[in-house]
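In the text below, chain A, chain B and the rest are named by the order of the sequence lines, each starting its count at 1. Keep in mind that this is a model prediction, so the values were computed, not measured.
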There are 2 protein chains.
Amino acid sequence: MATRRRIKVKTGYHHGNLRQDLVTAALAIINKQGPGALTLRAVAKRLGVSQTAPYRHFVGKESLLAAVAADGFATLLRETEETLAATEAEPVARYLAAAFSYVRFALAYPDHFRVMYNERPPEFSVGPVAESGRKAFQLFVGTIVDCQKTGRAAAGDPSLTAVKAWSYAHGLAALHLQRLLPRRLDDEAVRALTREIARFLNP
Amino acid sequence: MATRRRIKVKTGYHHGNLRQDLVTAALAIINKQGPGALTLRAVAKRLGVSQTAPYRHFVGKESLLAAVAADGFATLLRETEETLAATEAEPVARYLAAAFSYVRFALAYPDHFRVMYNERPPEFSVGPVAESGRKAFQLFVGTIVDCQKTGRAAAGDPSLTAVKAWSYAHGLAALHLQRLLPRRLDDEAVRALTREIARFLNP
DNA sequence: ACCTGAACACCGTTCAAGT
DNA sequence: ACCTGAACACCGTTCAAGT
């Protein structure tokens, strides 16, 4: 989080911040050569570092992927916060803005999104990896509570409404990313589909 | 599709229907040891067959996974057809029944579902692998058309309504399967959430 | 036709050794 | 502390050879 000032740029070894570079290089490989090409050795080679260097920063390949996922969840949380900070006070607008953030994140960071949600070990869902994701979810629940307070949403468990809206947004993003939706949807179509999420505020 | 009668049960070699056994064994390994343990060699060993035997039936590992996915889509289509055949004529009930079939399939065949949708090469989405899936989608669109004809659904592009409902059902199933939903949901809760899908019939 | 063993290039991971 | 090369067990895939 804190942008640590790098005092020693070169240590006499190869890197000053190998850990973050490994995450970035992993994403670059996934993006350019597909997830199947992601090997620890390829990541190391891309950084001009020996094949065992990554083990100084990660316990193994799965641990590197967990870092990629955590990076994604942190970005999702940050963008949701920024979007909410820039949105007017009207609760329904804030609820929609938070939902838009989720879909926009998925489309803007498809590689992160896939690592976060596709075929990952269960630890991803429970452990600290998705901690930022849970915070973003709570932010979303908060907008629903505000809608209820001002009578813009029906009473009831707000987190249940959040689950419904999240399911819709997640399914839309996931299917779109996998090119499974019948027609190719342009940005406006995705925006229109996302707007449907307002349905869940009222029964 | 046609249940071919097996004339020669044993060929003097090891198997009579190795192809289907390979698909079944792959699913068993994914189920018992996780997707990371799925190797062609492990599949072969489980069937008491040499490590190169699978190449007589599949061009490679990816091809075996494609067969698993195709098997899943075929099951999804079959169960959707059977459900619709067993459902009354009222269009909204049929629309809901088709949506239920999708979620029920995901929960009943989680390993199939993951292979079908998680981190698979793009060919899965476009090629013949998902052909049965597209047919199931068309069945679903048909129930929406029937709702429109009888005034139970608003006019408009029925496949757009289908995309919305599918997104919701898919997101719900995917998040639930990954244990990402806040509370553990029992069957009744999932059923209640799935029922929300009726929302998409009317604007 | 269908199956086999040996071989190749590659991978994740470990470990003793370097600075 | 951080990095390295060599080594181990394993994997996908190829190929010449068996019946």
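- Between Leu38(B) atom CG and dG12(D) atom P there is a gap of 8 Å when expressed in whole angstrom units.
- Atoms CG (Leu18(B)) and C1' (dT4(C)) sit 13 Å apart, rounded to a whole Å.
- The closest side-chain donor-acceptor pair between Thr24(A) and Gln20(A) falls under 3.5 angstrom.
- A salt bridge links Arg195(A) with Glu188(A): the closest approach of a Lys/Arg side-chain nitrogen to an acidic carboxylate oxygen falls below 4.0 angstrom.
- Here the two rings, on Phe105(A) and Phe73(A), have centers that are 6.0 Å apart or farther.
- Both Thr52(B) and Arg56(A) sit near DNA chain C, but only Thr52(B) has its closest nucleotide nearer the 5' end.
- Look at CZ on Arg41(A): it is 18 Å from P on dC3(D), rounded to the nearest Å.
- DNA chain D is contacted by both Gln51(B) and Gln51(A); Gln51(A) maps to the nucleotide lying nearer its 5′ end (nearest heavy atom per residue).
- dC8(D) and dG12(C) make up a base pair, with Watson-Crick or G-U wobble contacts both under 3.5 Å.
- Distance Tyr55(B) OH to dA7(C) C1': 14 Å, rounded to the nearest Å.
- Remark: P of dC3(D) and CZ of Phe58(A) are 12 Å apart, rounded to the nearest angstrom.
- Rounded to an integer number of Å, the gap from Lys61(A) NZ to dC10(D) P is 18 Å.
- Looking at Glu88(B) and Arg94(B), no side-chain N of the basic residue comes within less than 4.0 Å of a carboxylate O on the acidic one, giving no salt bridge.
- Taking atom NZ of Lys45(B) as the reference point, atom P of dG5(C) lies 12 Å away to the nearest angstrom.
- No close placement of the Tyr168(B) and His170(A) rings is indicated, their centers lying 6.0 Å or farther apart.
- The distance between atom CG of Leu40(B) and atom P of dC3(C), rounded to the nearest whole Å, is 14 Å.
- Within the 4.0 Å cut-off from OP1 or OP2 of dC3(C), at least one side-chain nitrogen or oxygen of His57(B) is found.
- Phosphate contact (OP1/OP2 of dC11(C), side-chain N/O of Thr39(A), threshold under 4.0 Å): present.
- Nucleotide dT19(C) is matched to dA1(D) when pairs are restricted to Watson-Crick or G-U wobble geometry with both distances under 3.5 angstrom.
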